[in-house]
Structure formats: structure tokens, C-alpha cells
A.B. asks: 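I am attaching a structure below and will ask some questions about it afterwards.
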Amino acid sequence: MDASEFRKRGREMVDYIADYMETIDKRRVTPDVQPGYLRKMLDSRAPKKGEEWEQIIKDVEKTIMPGVTHWQHPRFHAYFPAGNSYPSILGDMLSDAIGCVGFSWAASPACTELETIVLDWLGKMIGLPQIFMHDSGLGGGVIQGSASECILVTVLAARHQAIRELKNRFPFVEDGVLLSKLVGYCSKIAHSSVEKAGMIGFVKMRFLDVDDNYSMRGYTLANAIEEDRKLGLIPFYVCCTLGTTACCSFDNLNEIAHVTERENIYLHVDAAYAGSAFICPEFQHYMKGIECVNSINMNPNKWMLVNFDVSAMWVKDRHVLTSALTVDPLYLQHHHSDQAIDFRHWGIPLSRRFRSLKLWFVIRSYGIEGLQKYIREHVRLAKRFEALVRNDSRFEVLGAVTMGLVCFRLKGRNHLSQRLLRAINDSGKIHMVPAMMNDNYIIRFAVCAQNANEDDITYAWEVITTTTEDVIASVDIDSNKEQEELCEIEDLQVEEDDDVFFYKKDISFETDRNAISSAKLKRNLFMKMVSDPKCYNPKVWHSLCQNKNRRFPSNNSNAATNQPPLFEATPE
């Protein structure tokens, strides 16, 4: 393909994309295909000779589109928004055309410098203190691929910092022994990427209970830290979630920050979805205490009209990252001033795309006021949907509706809620996903489409209520046998799946009791050992939990295991 044909095909592709976006509501929101459908439609070997462009594009509509879940569809209410807009698409087109690999300033100065400037823009838009900005000389922002990547990087940075400090105190203790003592914390409804980061980093990650508002509190964290210190463990990291995936609840950052500051523990904030809303002043109160955190991430590619992948992360001290992720010690010696930012040492990958272009295009195209208007409209529509749910006595809303997400279910009926959601998704009329909250099976309704409006909310509610009537009518509620089975199954304690949305067709509240039980045992022994500092030591667990009386071994012995300590427990 030469430049002449590229001009022609490029114009055709722009027209195809515009037509797709304008007529997306005419398509089924979820595909009606079975696993393996595409392999049956495509050749098993690549073509020996190049094919005509017309045939390739024809096959896109014939083979690819039937298997696409249309995340930009006005009937798509699953997960969270997958941000997109025309300025973002154009920014990506230009980035792809430039094709630079911006791992350092010298590799492409504009790529590096625009990222620092745009991240300062965005940081100021959401109300971050000046210390997190590049122009402050201490902190700075960087674009990562995803929130999972941000969390992993901060875990590794906190781990490096903790072990370095411990080596000063215990110079003759092996690094592996020190590593085995480290423990981090998050709420039990934090995203699974926190657990995964602990596994990759070989550190224990403890999951703490939440209050009635599904919020992790400072006193819960403080008690857990006290318990673990008396067991000889070393708390080193806390992940505070602002806008949980399951229900968009908010951990109490201000309380947690006071605890981590007092205990000298690294504090990271995961605001992947809700962080975009902080550009609106009325939502910034959730960030009270942000001046005490070490790092924070949010995803413009969720709720700020920027297409994937753009995950923004800021750190208070950028040298914490560079020291943890640098293999060349001379780098720190000669580049400590960091006047020419080198992003090779800010994340896992070496290669970096010119992702700041699309963020720059979007912010300049919409302006702060335009983006605020977009966020506020989604929140208003979520409140509208919440009112419809609350006005129907068959349903209940779980958790506070603060952003663009509403969590609801049929009152007291896990099995019927699951059956309802399955029927709705099978219909292809709208798409939602579930989650588990304190053993309650909930349905998540997220406002996702860029141009969502009142008609979309009305249509979705009509689908939900009509399907509810069909589902209830199909259940023989007068059958004593059915009643006994339902009551028996609803007493089960169901553990949330690794995927927070817990939607597996082989796990049913109605029929498959064994599958539910096996889900509780899904993690292998290694994962349990890494994730929970106590579950692999039954004596310790028993001493902590029996009759709710907590008993701790002394600092000079390990009474729980009758084993000598590797070194004394960390003093309080």
C-alpha cells in the first residue's frame, strides 16, 4: 500500500468508523456467537500472497463484527465506561503514524515532555497538591497501561523502600527472610489486581473488612497493623480504593492516611474509575487526606472520553520509583536532578507509545467545563435510574449511588437476581454484569455511553421490569420443594470469584451447590500463602479468632508456633 492508496483507504476507514459510531444502536449490544466461532470462519493458515483490501474490509463486517461486544453502545451498561471520542481516535491515529518509542527524552523529546505537561494539567484538574506535579521538582505523573500496572509498580517501589530500610536495621538478615515478613493491606472488595500485585511481588496481602457503606476504615487498618506487628510481621503498603469496582464505594482516605503516616507505611490510592469525577469540585471531598499519600492512579480511559490505554499515575517522590526499578546504579548518581525525565524507570515496560497525544487532544477539545458537563450528566442519569429502582417494591439498591453506577437486586433473592440478569443478557437488549457484596448477588447498572440520555435509562428499565415479570412467572413459588431448595442455597457463603464480576454459567445459585463450594477453594496453596499471612499457620489463626479473643505471642518468642523467631517482632 503506497501513500496514494493509503489516502483513499484512510478516508474510507474514517467513514466506516463514523458510520459505525452513528449506527451502533442498530446492532445487538452483545454478540450471539459460541466460543470458537471465528476459527470456523477463517482459514487455518495465513495467505501466501497479499489479498485485496476490499476483501479484507468485507471480512471485517462478515467475521469480526458478529463477535464484537459493542462497548460504545447506548444499551451497554456493564463494567465501567470504555472512554472514547473522535478527538481521542484522531490522537491515536497521529501517535500510530509517528510511531516513536518514547522510553527516554532523547528517544523523542516531544513524547516525553508532552506527557509531563499533560499529567500536570490533569493532576491540577482533579485537585492534587503541587508536590505531585512535575513542575514542583519532587513528584510527577506518568502514563501507564492500566490501573493493574500502576498498583504493581507501587507495590514494587514500596517493597524496595521497605527492604532497604530493614537492611539498615538488620544488616545480617537475608533479603528473602525480610521479604517473607512484609505484609500489605487493602479492603476485601478492592480490585483483584491488588492481590495479583502481591503475588507477583512475593509479598503477603491482607484483605480487611469494610463497614456498612462498603468502606475500609482507619480503625480497621490500625487494628490489623497492630495484630501483624505483634506476630513479627512488617506492614509496608496500603492500597486505598476510591470507587471500588463492585459498587463504587469509597474507603475513608483521611482516616487511613493518618494511620499510614503515623506507622510510616507506603499509601497508594486506586481511583481508576471515580478519579475522573474529581475534576468536578463537588466530588473532591472524597480525596480528603490526599496530601499524605505516596501515589495515586486514575484511568482517563474509563470516564474521560479517552480510549484505552491511558492510566495516569502520580507519585509524591519520583525517585522512589526510579530507585526501585533501575538496574544501573550509575543512573541515580548522574540523573538525580531528573531534568530530562527518563520514563524507562517509571514502569514495567521499556517501550512507550505516544499516548499523551490523545489525552492532550481530548482536554483541549472539550475543555475542563465540557468534561465536567459530561461527568455530571452521567451522574444525573444514574440518579434517575436509582429513583426508578427505589420506586419498585420488588427491588432494592445496595450501596450509595454517588457516581455513574447503581447496584441493585430483587429483594432478598440471590437466585432470582442471577436468573434475571442471565435472561436480560441472553436477550441481547441491554448488557449488565453482576458482583458479590457480602454474599449478596447484585446487578450493576453503569451509565457508559458517551451520549447517554433519558431515553436510554427508560428503555433499560422497561427491559429489566418486563424480564422480571417473565422470570417471576416462570418460578413456581408455591412449591414447597422449590422453597426448601432456595432457602437452603441462599444460606450458602459464596466467595467472590477472581473476576470481581462473578458471572460463570457453571456456578448457579439454583442448581449447582458443589460448584459454589469449590469456588471457595479456588486458590492454590501458594496463592493463599502469599495473600494471607495467617491462613497457612492454623495455630496463629486459631489464636486470633477463637471466641473473638485475640492473643499475641510475645516479642521474644513465637508462642503460636513454638518456633524461635527469625528476628524480634517490630516494636510498636
Side-chain angles (χ1 to χ4, degrees), residues 21 24-32 68-85 243-249 272-274 276-277 299 301-305 307-308 374-392 394-410 417-437 440-468 471 499-503:
M21 299 290 279
I24 193 171
D25 60 320
K26 303 297 190 295
R27 299 176 184 264
R28 178 186 164 108
V29 61
T30 52
D32 187 18
V68 170
T69 297
H70 302 286
W71 284 60
Q72 311 304 321
H73 200 292
R75 312 296 183 230
F76 183 91
H77 301 289
Y79 312 106
F80 283 125
N84 207 359
S85 64
T244 59
T245 304
C247 61
C248 199
S249 60
Y273 165 66
S276 295
N299 287 4
N301 60 233
K302 278 190 171 68
W303 204 13
M304 202 178 280
L305 299 176
N307 61 327
F308 188 82
Y374 161 74
I375 294 288
R376 287 168 177 153
E377 177 63 5
H378 274 204
V379 174
R380 186 189 71 82
L381 292 173
K383 287 290 187 181
R384 169 65 179 152
F385 183 83
E386 178 193 15
L388 293 172
V389 176
R390 292 192 183 278
N391 287 333
D392 191 319
R394 297 171 298 180
F395 293 93
E396 61 182 335
V397 174
L398 285 82
V401 179
T402 55
M403 302 289 174
L405 177 70
V406 182
C407 296
F408 70 102
R409 68 167 184 158
L410 286 163
S417 296
Q418 184 186 32
R419 187 177 294 184
L420 170 62
L421 180 60
R422 185 173 297 167
I424 291 171
N425 285 335
D426 286 347
S427 75
K429 295 177 179 178
I430 63 174
H431 183 41
M432 300 179 291
V433 291
M436 293 296 295
M437 291 166 53
N440 295 318
Y441 184 97
I442 64 167
I443 301 173
R444 301 171 70 262
F445 180 91
V447 181
C448 295
Q450 176 183 351
N451 298 311
N453 55 46
E454 291 270 0
D455 291 342
D456 298 328
I457 302 302
T458 301
Y459 176 85
W461 184 242
E462 289 175 353
V463 171
I464 292 168
T465 53
T466 301
T467 310
T468 297
V471 168
D499 180 351
V500 72
F501 302 112
F502 191 84
Y503 186 48

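In this text, all values refer to a predicted model and were calculated from it rather than measured experimentally.
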A.B. asks: Closest heavy-atom contact between Ile24 and Pro74?
C.D. replies: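 Closest approach of Ile24 to Pro74, heavy atoms only: CG2-CD, 4.0 Å.
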A.B. asks: Working note: Phe445 + Val397, criterion side-chain contact (heavy atoms from CB on, under 4.5 Å); need CA distance, chi angles, decisive distance, verdict.
C.D. replies: CA-CA 11 Å; Phe445 180 91; Val397 174; over 6 Å; no
A.B. asks: Are Ser249 and Thr244 close enough that a side-chain donor and a side-chain acceptor fall under 3.5 Å?
C.D. replies: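 Side chains of Ser249 and Thr244: pair found under 3.5 Å.
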A.B. asks: What heavy-atom pair brings Met403 and Ala274 nearest, and what distance separates the two atoms?
C.D. replies: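 Between these two residues, the closest heavy atoms are CE-CB, 4.2 Å.
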A.B. asks: Just wondering, do Gln450 and Ser85 contact through their side chains at under 4.5 Å, heavy atoms?
C.D. replies: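 Touching, per the 4.5 Å side-chain cut-off.
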A.B. asks: With a 3.5 Å distance limit and no angle check, can you tell me whether Tyr273 reaches the backbone of Pro81 through a side-chain donor-acceptor pair?
C.D. replies: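 Between the backbone of Pro81 and the side chain of Tyr273 there is no qualifying donor-acceptor contact (under 3.5 Å).
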A.B. asks: In Å, rounded to the nearest 0.5 Å, how long is the span from CG of Leu410 to OG1 of Thr468?
C.D. replies: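 Reported to 0.5 Å precision, the distance equals 5.5 Å.
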A.B. asks: How long is the straight-line distance from CG of Leu420 back to CD1 of Ile443, given to the nearest 0.5 Å?
C.D. replies: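 Output value for this atom pair is 4.5 Å.
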A.B. asks: Please give me the minimum heavy-atom distance between Ala82 and Gln72, naming the atom from each residue.
C.D. replies: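 Distance-wise, the nearest heavy atoms are O-NE2, 2.8 Å.
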A.B. asks: Mark yes or no for whether Asp456, through its side chain, and Asn453, through its backbone, hold a donor-acceptor pair below 3.5 Å.
C.D. replies: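 Side chain of Asp456 to backbone of Asn453, a donor-acceptor pair under 3.5 Å: yes, one is there.
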A.B. asks: Less than 6.0 Å separating the ring centroids of Trp461 and Phe395?
C.D. replies: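 Aromatic pair counts; centres sit under 6.0 Å.
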A.B. asks: Any side-chain donor-acceptor pair under 3.5 Å between Asp25 and His73?
C.D. replies: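 Asp25 vs His73: no donor-acceptor pair found between side chains.
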A.B. asks: Going from CE on Met432 to CZ on Arg75, what distance comes out if it is rounded to the nearest 0.5 angstrom?
C.D. replies: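 Interatomic distance, Met432 CE to Arg75 CZ, rounded to 0.5 Å: 13.0 Å.
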A.B. asks: Between Lys302 and Ser276, is the side-chain contact (heavy atoms from CB on, under 4.5 Å) condition met? List the steps.
C.D. replies: CA-CA 8 Å; Lys302 278 190 171 68; Ser276 295; 5.6 Å; no
A.B. asks: Does CZ belonging to Arg28 count more than 12 external heavy atoms closer than 6.0 Å?
C.D. replies: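 Above 12, so yes.
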A.B. asks: What closest approach, in Å, do Val463 and Thr467 show between heavy atoms, and which atom pair accounts for it?
C.D. replies: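 Result for this residue pair: O-OG1, 2.6 Å.
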A.B. asks: Closest approach of Val447 and Ala452, non-hydrogen atoms and distance?
C.D. replies: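 Closest pair (atom of Val447, atom of Ala452, distance): CG1-CB, 3.9 Å.
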A.B. asks: Can you check whether Glu396 reaches Leu398 side chain to side chain, under 4.5 Å on heavy atoms?
C.D. replies: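 Touching, per the 4.5 Å side-chain cut-off.
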A.B. asks: Is there a donor-acceptor pair closer than 3.5 Å between any side-chain N or O of His77 and the backbone N or O of Ala446?
C.D. replies: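 Here the side-chain-to-backbone pair exists.
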A.B. asks: May I ask you to decide whether Glu454 forms a salt bridge with Arg380, counting only side-chain N to carboxylate O separations under 4.0 Å?
C.D. replies: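 A salt bridge links Glu454 with Arg380.
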A.B. asks: Could you tell me if the side chain of His431 sits less than 4.5 Å from the side chain of Tyr79, heavy atoms only?
C.D. replies: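 Yes, side chains in contact.
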A.B. asks: Any chance you could measure Ile464, atom CD1, to Ile430, atom CD1, to the nearest 0.5 Å?
C.D. replies: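 Going from CD1 on Ile464 over to CD1 on Ile430, the span is 4.5 Å.
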A.B. asks: Kindly give the heavy-atom pair with the smallest separation between Val29 and Gly428, and that separation in Å.
C.D. replies: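 Closest pair (atom of Val29, atom of Gly428, distance): CG1-O, 3.3 Å.
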A.B. asks: Please confirm whether the backbone N or O of Arg394 pairs with a side-chain atom of Asp392, one donor and one acceptor, at under 3.5 Å?
C.D. replies: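 A pair under 3.5 Å: yes.
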A.B. asks: Considering only heavy atoms from C-beta outward, does the side chain of Met436 approach that of Ile442 to under 4.5 Å?
C.D. replies: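 They are not in contact (no side-chain heavy atoms under 4.5 Å apart), so the answer is no.
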A.B. asks: State the CG-OG1 distance between Leu388 and Thr458, to the nearest 0.5 angstrom.
C.D. replies: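 Interatomic distance, Leu388 CG to Thr458 OG1, rounded to 0.5 Å: 7.0 Å.
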A.B. asks: Could you go through the side-chain contact (heavy atoms from CB on, under 4.5 Å) check for Arg409 and Asn440 one step at a time?
C.D. replies: CA-CA 9 Å; Arg409 68 167 184 158; Asn440 295 318; 3.4 Å; yes
A.B. asks: I'd like to know whether the aromatic ring centres of Trp303 and Phe80 sit less than 6.0 Å apart in this structure.
C.D. replies: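 No.
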A.B. asks: I need the Cys448 SG to Asn84 CG distance, nearest 0.5 Å.
C.D. replies: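 Output value for this atom pair is 13.0 Å.
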A.B. asks: Does the Arg444 side chain pair with the main chain of Cys247, one donor and one acceptor, at a distance under 3.5 Å?
C.D. replies: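 Such a contact is absent between Arg444 side chain and Cys247 backbone.
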A.B. asks: Spell out, as yes or no, whether a donor-acceptor pair under 3.5 Å connects the side chain of Lys383 to the backbone of Val401.
C.D. replies: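 Judged by distance alone, yes, a pair lies under 3.5 Å.
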